[in-house]
Amino acid sequence: MNQITQEMRNLAKQLLEEEKVQLVMGWEKGSFWYNSTPVFVSKVEDVDKLIWDEFCAANLATYLLDDRFSDEKIALFVKGCDSRAVNRLVQDKQVKRENLYLIGIPCPGMKSAKAAKELGQETKEELPLEDKCIYCTHHNPLVYDILLGEEVALDDIAATAEVSRFEGVEEIEAMTPDERYAYWQDHYSRCIRCYACRNVCPACNCTECCFDLGQTWLERDVTPTGNQVYGIIRAFHVAGRCIECGECERVCPMDIPIMKLNRKIAKDIEELYGPYEAGLDTETPPPLGHYKTEDPDEFM
Ligand code: SF4
Ligand code: SF4
Ligand code: SF4
């Protein structure tokens, strides 16, 4: 067992025994060697389920939405991406910071579960990182009550250091409108409208989602047009609030490059409104969430 796993279990046990929290959210080993899945521990005798390994990619913060109206105190392990998601939920007033006990874990990057499945266990040491981790700009938690382990330096993670935040967006920008339309039509024609991308997203935190309301102007059939409308509406709804955690793309069973769309919008927002990354704190308002008289308005 690695040291972080031991520290996680010890801390979870202490927090539950001292009744400082009623629930601990972490990861446990899943059904396969390349899966580590969320686990919710409310009894001391279950703390040994908790683990930390190279497959703990799942962002736990989204699960706080299940308890958003509860006053239970919850402990949560947060990597860099999870901590940004917590900030997103606190800023959106979906959870109360005082109800959370955040246990930060610096993250060197998680291994790709899809590659692991394809290549087999003997390749474990050479597996590539999850795409979301290659693009990661914040490996260390941005907010926490206690930190386990040592902070990691971005430059030490070779795969990440070589990739810029908006890599790949230029390819989309270089296309003609017709080529761009064909590109997205091709990808979204594969979408099965499973809504995994929405369900896993910390920025998709509306109490009622427009895609569940059954309004006739939102086509619910799985058709190329309906799928594109879904993709565009979801991208607009998280514009300026997307924390770039890459979870939507990671969980998409149809390998749709959702992050290209999110990164394009994030890049446009930077160019229009200045440098901005969502979820770094809970104070800075998202650029599209407030108004300044000098905001660009040529498009209006
Ligand atoms: S996105 Fe960053 S913080 Fe999140 S799992 Fe990947 S490397 Fe870790
Ligand atoms: S996860 Fe992928 S397949 Fe499922 S709704 Fe989202 S884009 Fe479509
Ligand atoms: S849209 Fe995707 S990358 Fe952005 S916050 Fe949601 S899950 Fe994360």
Side-chain angles (χ1 to χ4, degrees), residues 27 36 52-62 65 77-89 91-92 104-113 128-142 144 149 151-154 156-157 159-161 163 165 184 187-206 209 211 220 222-224 226-266 269 277-279 286:
W27 304 271
S36 299
W52 173 251
D53 69 6
E54 59 273 69
F55 298 108
C56 294
N59 189 332
L60 301 174
T62 313
L65 290 170
F77 294 98
V78 290
K79 311 180 296 290
C81 52
D82 308 69
S83 72
R84 290 177 73 179
V86 169
N87 280 341
R88 169 81 287 127
L89 297 175
Q91 189 169 39
D92 291 349
I105 308 184
C107 171
M110 294 293 150
K111 296 280 175 75
S112 164
L129 294 182
E130 289 281 1
D131 277 356
K132 69 178 233 164
C133 302
I134 292 171
Y135 286 90
C136 179
T137 49
H138 296 278
H139 290 256
N140 297 307
L142 291 144
Y144 53 82
E151 292 204 350
V152 294
L154 201 57
D156 293 346
I157 302 163
T160 302
V163 174
R165 183 176 160 213
W184 288 114
H187 280 298
Y188 269 93
S189 65
R190 298 198 304 277
C191 172
I192 54 171
R193 300 285 281 281
C194 63
Y195 295 144
C197 52
R198 175 200 65 175
N199 294 354
V200 82
C201 173
C204 278
N205 58 37
C206 294
C209 174
F211 297 110
R220 300 189 72 181
V222 181
T223 62
N227 297 350
Q228 284 180 70
V229 170
Y230 168 69
I232 289 169
I233 290 181
R234 208 186 79 79
F236 281 173
H237 281 193
V238 299
R241 298 170 49 258
C242 164
I243 58 152
E244 300 169 51
C245 65
E247 280 291 88
C248 46
E249 188 173 284
R250 184 182 70 85
V251 301
C252 176
M254 305 312 290
D255 290 329
I256 295 171
I258 305 170
M259 286 308 294
K260 276 212 172 128
L261 195 50
N262 292 336
R263 289 194 190 103
K264 166 64 179 152
I265 293 175
I269 287 173
E277 282 186 273

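Both counts, for ligands and for their atoms, begin at 1 and track the order of listing.
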> Should Lys111 and Glu130 be marked as a side chain to side chain contact (heavy atoms under 4.5 Å, CB included) after you check the CA-CA gap, both sets of side-chain angles, and the distance that decides it?
Replying inline: CA-CA 5 Å; Lys111 296 280 175 75; Glu130 289 281 1; over 6 Å; no
> Would Ile256 and Glu249 satisfy side chain to side chain contact (heavy atoms under 4.5 Å, CB included), going step by step from the backbone distance to the final call?
Replying inline: CA-CA 7 Å; Ile256 295 171; Glu249 188 173 284; over 6 Å; no
>> Please evaluate residues His138 and Glu277 with respect to the criterion side chain to side chain contact (heavy atoms under 4.5 Å, CB included), reporting the C-alpha separation (whole Å), side-chain torsions for both, the decisive distance (0.1 Å), and the verdict.
In response: CA-CA 10 Å; His138 296 278; Glu277 282 186 273; 3.3 Å; yes
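Distance from atom 2 (Fe) of ligand 2 to its nearest protein heavy atom, with residue and atom name: Cys252 SG, 2.4 Å. Counting only heavy atoms of the protein, atom 8 (Fe) of ligand 1 lies nearest to Cys107 SG, 2.3 Å. The nearest heavy-atom contact from the protein to atom 5 (S) of ligand 1 is Lys79 CE, 3.2 Å. With hydrogens left out, the protein atom closest to atom 4 (Fe) of ligand 2 is Cys194 SG, 2.3 Å, a heavy atom. Regarding atom 3 (S) of ligand 2, its nearest protein heavy-atom neighbour is Ile192 N, 3.5 Å. Among protein heavy atoms, atom 6 (Fe) of ligand 1 sits closest to Cys133 SG, 2.4 Å.
For ligand 3, the atoms sitting less than 4.0 Å from at least one non-hydrogen atom of Met259 are 3 (S), numbered in the order shown with element in parentheses. Numbered from 1 in the order shown, with element, the atoms of ligand 2 that lie under 4.0 Å from a heavy atom of Tyr230 read 5 (S). Residue contact check: Tyr195 has heavy atoms under 4.0 Å from atoms 4 (Fe), 5 (S) of ligand 2. The atoms of ligand 1 that sit less than 4.0 Å from any heavy atom of Gly80 are 3 (S). Listed by number with element, the atoms of ligand 1 under 4.0 angstrom from any heavy atom of His139 are 7 (S). If you number the atoms of ligand 3 from 1 as listed, the ones under 4.0 Å from a heavy atom of Gly246 come out as 3 (S), 8 (Fe). Short contacts between ligand 2 and Cys191, defined as distances under 4.0 Å to a heavy atom of the residue, involve ligand atoms 3 (S), 5 (S), 7 (S), 8 (Fe). Near Cys136, with a cut-off below 4.0 Å to any heavy atom, the atoms of ligand 1 are 1 (S), 2 (Fe), 3 (S), 7 (S). Interface atoms of ligand 1 facing His138, defined by a heavy-atom separation under 4.0 Å, are 3 (S). If you number the atoms of ligand 1 from 1 as listed, the ones under 4.0 Å from a heavy atom of Gly109 come out as 7 (S). Residue-ligand proximity, Met254 to ligand 2, at heavy-atom distances under 4.0 Å covers atoms 3 (S).
Residue Lys79 forms a side-chain contact (heavy atoms from CB on, under 4.5 Å) with just one option from His139, Met110, Arg84, and that option is Met110. Considering Pro286, Cys248, Pro202, Cys204 as possible partners of Val238, the one that fulfils the side-chain contact (heavy atoms from CB on, under 4.5 Å) test is Cys204.
Judged by distance alone, the side chain of Arg190 and the main-chain N or O of Asp255 form a donor-acceptor pair under 3.5 Å.
Relative orientation of the His237 and Phe211 rings is tilted, given thresholds of 30° and 60° on the angle between their planes.
For atom 6 (Fe) of ligand 3, the neighbouring protein N/O/S atoms at less than 2.8 Å, given as residue and atom, are Cys201 SG.
No donor-acceptor contact under 3.5 angstrom links the side chains of Glu247 and Thr62, judged on distance only.
A heavy-atom distance below 4.5 Å is not found between the side chains of Leu60 and Val78.
Of all the heavy atoms of Arg193, the ones lying under 4.0 Å from any atom of ligand 2 belong exclusively to the backbone. Counting heavy atoms under 4.0 Å from ligand 2, residue Ile256 touches it through the side chain alone.
Ligand 1 is never approached by Glu130 to a heavy-atom distance shorter than 4.0 Å. In this structure, Ala57 does not count as a contact residue of ligand 1, since none of its heavy atoms falls inside 4.0 Å of the ligand.
Cation-pi contact between Arg165 and Tyr135: absent, since separation from the ring centre below 6.0 Å together with deviation from the ring axis within 45° is not met.
Under the side-chain hydrogen bond (donor to acceptor under 3.5 Å, both in side chains) criterion, Gln91 pairs with Arg88, not counting sequence neighbours.
With ring centers used as reference points, Tyr195 lies under 6.0 Å from Tyr230.
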